[in-house]
Amino acid sequence: MVSQKKPFYQRFSGKIFSRFFGFEEGVDITNDVDVLVRRNVVIKNIIFISNMIYAVMLFILSLSQGGVTDWVITALAFPVTFTINQILKKLIHVDKTDKTKQSVAMYVAGFYMFFSSVLIYARLYQIEYYETAAYILIYYALVVISLYQDKRLLSSSFTTLLILLTAIHLIWTFNLQALAEGYTIVEFLPIFVDSEAFQDIVLRTILFMLFYFVVYAIVSMGQYMQEQRKQELVRRRQ
């Protein structure tokens with residue numbers, strides 16, 4: 001059977017995608033450091049795209065709100081985006097043969113992903129129609145971190161995000177301090193447990209944990225398959 005040649009635009013888009021987002025583009029999968037370097041490069045590109053999306057969200061917010069503070073934050077988003085991208089680029093290319101330095105770049109990228117998503121949520125959660133979209137970015141950050149196929153990084157990121165999410169729910173989303181005003185801790189605790197805010201926090205936490213378990217299972221499976229492929233390639237070369 002003669003294979004049908006793909007149209008030019010499909011081949012061109014495929015090459016572009018492989019160049020910037022292909023995890024195995026020009027990589028020897030038996031070399032752990034090379035694999036980590038390529039993953040750092042791909043995640044750096046994803047972070048750059050994410051920052052552009054964040055900047056667009058802030059720009060739309062500035063147009064709708066029209067406040068001076070909104071425009072200042074939007075204007076600062078672009079140089080911050082460029083700076084973060086340059087820092088990651090330097091960390092990645094400072095020594096492509098040192099696994100420790102590449103691991104540092106991996107953790108910096110992972111930390112920035114969930115830290116930036118939390119900051120965006122802190123900026124948008126009070127605005128109607130924005131809270132849900134901003135909250136989804138926290139899930140998005142966990143998915144991007146999972147692309148490293150590193151269970152330790154994913155676990156530490158999940159723990160940090162869970163702590164941050166709980167603090168966000170108590171301090172920002174439901175403003176626990178305002179709810180507890182005029183009550184002692186003993187008086188407020190049963191009222192809070194019986195409130196819709198507490199039920200919402202519990203539901204959000206359960207959903208986030210469930211999402212993590214699914215992502216962790218996918219990462220575990222991917223990591224196992226990658227190890228099997230590497231061993232098979234080594235056997236073939238031998």
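In what follows, residues are counted from 1 in the order of the sequence shown. Values below: all heavy atoms of this structure, side chains included; hydrogens, waters and symmetry mates excluded.
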Novice: Assigning hydrophobic clusters by single linkage (Ile, Leu, Val, Met, Phe, Trp, Tyr; side-chain heavy-atom cutoff under 4.5 Å), is Phe48 placed with Phe114?
Specialist: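 Looking at the clustering, Phe114 is in the same group as Phe48.
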
Novice: Using the rule given for side-chain hydrogen bond (donor to acceptor under 3.5 Å, both in side chains), can you reason through Tyr107 versus Asp150, listing the C-alpha separation, both sets of side-chain angles and the distance that settles it, and then say yes or no?
Specialist: CA-CA 11 Å; Tyr107 276 93; Asp150 189 300; 4.8 Å; no

Novice: CZ/Phe198 to CG/Leu170 distance, rounded to the nearest 0.5 angstrom?
Specialist: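 So the gap between those two atoms works out to 10.0 Å.
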
Novice: Quick one: does Asn40's side chain have a donor or acceptor within less than 3.5 Å of a partner on Gln102's backbone?
Specialist: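 Yes: the side chain of Asn40 pairs with the backbone of Gln102.
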
Novice: Does Arg204 count as lying over the ring of Tyr135, i.e. NZ or CZ under 6.0 Å from the six-ring centre, within 45 degrees of the axis?
Specialist: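 Yes, a cation-pi geometry holds between Arg204 and Tyr135.
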
Novice: Given the rule that I, L, V, M, F, W and Y join up when any side-chain heavy atoms are under 4.5 Å apart, are Leu203 and Met209 in one cluster?
Specialist: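 Same cluster.
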
Novice: First locate atom CG of Asp98, then atom OG of Ser103, and finally report the distance between them rounded to the nearest 0.5 Å.
Specialist: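 So the CG of Asp98 and the OG of Ser103 are separated by 8.5 Å.
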
Novice: Under a 3.5 Å distance rule, please check whether Glu187 uses its side chain to pair with a backbone N or O of Thr184 as donor and acceptor.
Specialist: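 Answer holds: yes.
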
Novice: Do Lys151 and Gln223 have side chains that approach each other closer than 4.5 Å (heavy atoms only, starting at C-beta)?
Specialist: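 A side-chain contact exists here, since the closest heavy-atom pair is under 4.5 Å.
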
Novice: Decide, yes or no, whether a salt bridge links Arg229 with Glu232 under the criterion of side-chain N to carboxylate O below 4.0 Å.
Specialist: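 Not counted as a salt bridge, because no side-chain N and carboxylate O are separated by less than 4.0 Å.
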
Novice: Kindly determine whether Val143 and Phe211 satisfy side-chain contact (heavy atoms from CB on, under 4.5 Å), including the steps that lead there.
Specialist: CA-CA 10 Å; Val143 171; Phe211 181 79; 3.4 Å; yes

Novice: Before giving the answer on side-chain hydrogen bond (donor to acceptor under 3.5 Å, both in side chains), spell out for Lys96 and His93 the whole-Å C-alpha distance, their side-chain angles and the decisive distance to 0.1 Å.
Specialist: CA-CA 6 Å; Lys96 291 185 176 182; His93 295 287; 3.3 Å; yes

Novice: Can you tell me how far apart NZ (Lys44) and CD (Gln86) are? Round to the nearest 0.5 Å.
Specialist: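 It comes to 8.0 Å.
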
Novice: Given the rule that I, L, V, M, F, W and Y join up when any side-chain heavy atoms are under 4.5 Å apart, are Ile46 and Leu153 in one cluster?
Specialist: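 They do share one cluster, since a chain of ILVMFWY contacts under 4.5 Å joins Ile46 to Leu153.
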
Novice: Could you grab the distance from atom OG1 of Thr205 to atom CG of Leu210, nearest 0.5 Å is fine?
Specialist: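 Those atoms lie 12.5 Å apart.
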
Novice: For residues Leu165 and Val118, determine if any side-chain heavy atom of one lies less than 4.5 Å from a side-chain heavy atom of the other.
Specialist: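 When only atoms from C-beta onward are counted, Val118 and Leu165 do not touch, as no gap falls below 4.5 Å.
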
Novice: Rounded to the nearest 0.5 Å, how far apart are CE of Met113 and CD1 of Ile138?
Specialist: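 Rounded to the nearest 0.5 Å, the CE-CD1 separation comes out at 11.0 Å.
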
Novice: Give the intermediate values and the outcome of side-chain contact (heavy atoms from CB on, under 4.5 Å) for residues Leu161 and Tyr212.
Specialist: CA-CA 11 Å; Leu161 276 172; Tyr212 164 73; over 6 Å; no

Novice: Can you confirm whether Phe59 is buried at CZ, in the sense that more than 12 heavy atoms of other residues, nucleotides or ligands lie under 6.0 Å from that atom?
Specialist: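 No, not enclosed.
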
Novice: Yes or no on side-chain contact (heavy atoms from CB on, under 4.5 Å) for Tyr54 and Ile49, after CA distance, side-chain angles and deciding distance?
Specialist: CA-CA 9 Å; Tyr54 295 161; Ile49 298 298; over 6 Å; no

Novice: Using a cut-off of 6.0 Å, state whether more than 12 heavy atoms not belonging to Arg235 lie near its atom CZ.
Specialist: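 Atom CZ in Arg235 is crowded, with more than 12 foreign heavy atoms closer than 6.0 Å.
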
Novice: Where do Ser117 and Leu137 come nearest, in terms of heavy atoms and distance?
Specialist: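 In terms of heavy atoms, the two residues are closest at CB-O, 3.6 Å.
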
Novice: State, to 0.1 Å, how close Val186 and Pro190 come at their nearest heavy-atom pair, and which atoms those are.
Specialist: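 Nearest heavy atoms, Val186 then Pro190: O-CD, 3.1 Å.
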
Novice: Yes or no on side-chain contact (heavy atoms from CB on, under 4.5 Å) for Arg39 and Leu147, after CA distance, side-chain angles and deciding distance?
Specialist: CA-CA 8 Å; Arg39 286 177 177 172; Leu147 295 177; over 6 Å; no

Novice: Does CD in Glu196 sit with more than 12 non-hydrogen atoms of other residues, nucleotides or ligands closer than 6.0 Å?
Specialist: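 Open.
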
Novice: Testing the basics here: between Ile201 and His169, what is the closest heavy-atom pair and its distance to 0.1 Å?
Specialist: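 Looks like CG1-CB, 3.7 Å.
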
Novice: What about the rings of Tyr216 and Phe158, do their centers lie closer together than 6.0 Å?
Specialist: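 Not under 6.0 Å, so no.
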
Novice: Would a single hydrophobic cluster contain both Ile136 and Met57, if residues Ile, Leu, Val, Met, Phe, Trp and Tyr are joined by side-chain heavy-atom contacts under 4.5 Å?
Specialist: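 Not linked; separate clusters.
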
Novice: Would you kindly confirm whether Leu88 and Val94 end up in one hydrophobic cluster when ILVMFWY residues are joined by side chain heavy atoms under 4.5 Å apart?
Specialist: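 No: no chain of side-chain contacts under 4.5 Å links Leu88 to Val94.
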
Novice: Within this structure, what is the CD1-CE distance for the pair Ile145 and Met106, rounded to the nearest 0.5 Å?
Specialist: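 The CD1 atom of Ile145 sits 10.5 Å away from the CE atom of Met106.
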
